[in-house]
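All residue numbers refer to positions in the sequence shown, counting from 1. Heavy-atom basis, side chains included; hydrogens, waters and symmetry copies ignored. Keep in mind that what you see is a predicted model, and the values were worked out from it rather than measured.
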Amino acid sequence: MKKISMQTPLVEMDGDEMTRILWKMIKEDLLLPFVDLKTEYYDLGLTHRNETNDQVTIDAANATKKYGVAVKCATITPNAARVKEYSLKEMYKSPNGTIRAMLDGTVFRAPIVVKGIEPCVKNWKKPITLARHAYGDVYKNTEMKIPGPGKVELVYTAQDGTETRELVHQFDGPGIAQGMHNLNGSIESFARSCFNYALDTKQDLWFATKDTISKKYDHTFKDIFQEIYDSEYKEKFEQAGITYFYTLIDDAVARVMKAEGGFIWACKNYDGDVMSDMVSSAFGSLAMMTSVLVSPHGYYEYEAAHGTVQRHYYKYLKGETTSTNSVATIFAWTGALRKRGELDGNQELMVFADKLEKATLDTIESGQMTKDLAAITSLKNPKVLDSEGFIKAIAQRLEKSL
């Protein structure tokens, strides 16, 4: 068959460990036989990031601004153990955090629903989409170890040199301190992305923070959301028959467990990181979650919501068989290809993305799946496939459908 052509390249960001292995398999078995794939390639593997002093991450983000659509493999955010393991020059920051800050977007994460994998929360009937703010807070923090007695202050120095000070704590012994920040402009972009996504998908929107405790920081988020909703979106929401409401994060957690789903839950950066893992795991597996960074400037970056699957990678290096779920990584590619097709008016590419997703879900629904899904499926006698075997089973179905 003639390969599907592409007019504009995707930005391709390769990653680390087991997901890097799956990335190569997906390209070889599911993409390159059918698509004349055009990508601008960036190696965000930790070794190459170290070689370039992490400049490659900045280059990849700038390329995303140029081409509009990117697809990203899972990457390592190093801790002290990783610094030693990879002989790193420094403890580099999260590449996702760097890219999100540069693109100024919101991360929307939703579970991939498939027959035979029922949510742990029995009343969840529809997907719950997590909208995660993609800038600042703990991901852009400044930390300090306090060696002994003394005081820690927040100091703001205005351009005219005047200072405003707030006491953080008067230490009487060793401790730790952390400073975080955010930007009104980024919060405004976050709010508009959420309101627009709710209108596009015709879903109710929740937003939750802890403004009762954080009376300036979190309360600013609450106020900006409400101001933008009242002035720009209230009538549109009413016309669409959907609702927006704000609640405390602890109330939202309680409510979500009793809800049936089918709504968007907007969270600050850390809350969204944690809650998306909770929602995805309860829907079936961390490897069954889509993730897309949507920038108000028209940039899109698709990735899997999970990590690099370190434990499986070490097994793979020993020559042992792994059964690693590649669904979220496949859906990162399909999401990016579909968006590329949509922006370029390439219907063939969009149809291919749809067919690849259907082949993936049909493979699972036929009883062929990876070990993590076999452990929780309601289907009788599932056949457990290894990492490569699962991708090849999808390839067979895809080839027939094309």
Side-chain angles (χ1 to χ4, degrees), residues 15 17-31 73-74 109-130 260-261 275-292 302-316 320-335 353-401:
E17 298 189 320
M18 197 63 209
T19 44
R20 188 182 180 96
I21 306 302
L22 296 176
W23 194 263
K24 187 169 182 286
M25 291 178 186
I26 289 165
K27 285 178 69 178
E28 289 179 353
D29 291 332
L30 300 179
L31 302 178
C73 183
R109 291 179 172 173
I112 299 163
V113 178
V114 59
K115 289 175 188 171
I117 309 295
E118 280 75 35
C120 297
V121 183
K122 292 178 182 177
N123 43 283
W124 285 1
K125 309 296 182 192
K126 303 171 189 174
I128 296 167
T129 300
L130 263 292
E260 67 167 22
M275 296 306 169
S276 64
D277 279 2
M278 185 267 290
V279 168
S280 63
S281 181
F283 265 99
S285 167
L286 289 171
M288 300 289 286
M289 191 90 166
T290 63
S291 181
V292 55
Y302 294 81
E303 61 179 340
H306 58 74
T308 58
V309 203
Q310 180 185 13
R311 185 171 55 85
H312 285 202
Y313 180 60
Y314 291 158
K315 287 181 67 177
Y316 172 85
E320 297 176 18
T321 301
T322 65
S323 182
T324 316
N325 190 332
S326 52
V327 172
T329 307
I330 293 168
F331 272 60
W333 273 103
T334 56
D354 292 342
K355 288 190 173 182
L356 176 48
E357 288 183 2
K358 187 175 189 303
T360 303
L361 298 181
D362 285 350
T363 299
I364 296 169
E365 290 176 3
S366 75
Q368 297 176 289
M369 60 192 75
T370 46
K371 189 176 180 180
D372 62 318
L373 297 182
I376 59 173
T377 186
S378 59
L379 298 175
K380 303 285 192 211
N381 304 314
K383 182 180 180 182
V384 177
L385 302 177
D386 64 22
S387 306
E388 187 175 9
F390 179 62
I391 290 170
K392 289 195 178 297
I394 295 167
Q396 288 178 353
R397 286 182 179 272
L398 178 62
E399 193 167 6
K400 288 176 184 174
S401 74

Could you give the distance from CG (Leu398) to OG1 (Thr360), rounded to the nearest 0.5 Å? 8.0 Å
Neighbour count above 12 (heavy atom, 6.0 Å) for Asn381 CG: no
Is a side-chain N or O of Thr377 found less than 3.5 angstrom from the main chain of Leu373, in a donor-acceptor match? no
Apply the test side chain to side chain contact (heavy atoms under 4.5 Å, CB included) to residues Phe283 and Ile128: give CA-CA distance (whole Å), side-chain angles for both, the deciding distance (0.1 Å), then the verdict. CA-CA 9 Å; Phe283 265 99; Ile128 296 167; 4.3 Å; yes
Nearest heavy-atom contact between Met289 and Pro111 is SD-N, 3.6 Å
Separation between CE (Met275) and CZ (Arg109), nearest 0.5 Å, reads 13.5 Å
Under 3.5 Å: donor-acceptor pair, side chain of Thr329, backbone of Ala304: no
Close side-chain approach of Leu22 to Ile391, heavy-atom, < 4.5 Å: yes
Is there a donor-acceptor contact under 3.5 Å from the side chain of Ser281 to the main chain of Met278? no
Separation between NZ (Lys358) and OG1 (Thr334), nearest 0.5 Å, reads 14.5 Å
Minimum heavy-atom separation for Ser378 and Glu118, please, with both atom names. OG-OE1, 2.8 Å
Looking only at non-hydrogen atoms, find the nearest pair between Tyr302 and Gly335 and report the distance. CZ-O, 3.4 Å
Can you tell me if Lys371 has over 12 outside heavy atoms packed within less than 6.0 Å of its NZ? no
Shortest non-hydrogen contact from Cys73 to Arg20? SG-N, 3.8 Å
Counting neighbours of CD on Glu399 that are heavy atoms of other residues, nucleotides or ligands and sit closer than 6.0 Å, is the number greater than 12? no
Ser323 side chain to Leu385 backbone, donor-acceptor under 3.5 Å: yes
Take Ile112 and Leu361 through the test side chain to side chain contact (heavy atoms under 4.5 Å, CB included) and record every step on the way to the result. CA-CA 9 Å; Ile112 299 163; Leu361 298 181; 3.8 Å; yes
About how many Å separate CE of Met288 and OG1 of Thr370, when rounded to the nearest 0.5 Å? 8.0 Å
What heavy-atom pair brings Val327 and Ala287 nearest, and what distance separates the two atoms? CB-O, 3.7 Å
Out of curiosity, Gln396 CD to Asp29 CG, how far, rounded to the nearest 0.5 Å? 10.0 Å
Quick one: does Ser280's side chain get under 4.5 Å of His306's, heavy atoms only? no
Find the distance between CD1 (Ile21) and OH (Tyr313) and round it off to the nearest 0.5 Å. 5.5 Å
Side chain to side chain contact (heavy atoms under 4.5 Å, CB included) between Leu356 and Leu31: does it pass, once the steps are laid out? CA-CA 9 Å; Leu356 176 48; Leu31 302 178; 4.0 Å; yes
Does the Glu365 side chain pair with the main chain of Lys115, one donor and one acceptor, at a distance under 3.5 Å? yes
Locate the shortest heavy-atom distance separating Leu30 from Ile330; write the atom from each residue and the value. CD1-CD1, 3.8 Å
Between Ser387 and His312, is a side chain to side chain contact (heavy atoms under 4.5 Å, CB included) present by the stated rule, with each step listed? CA-CA 10 Å; Ser387 306; His312 285 202; 5.5 Å; no
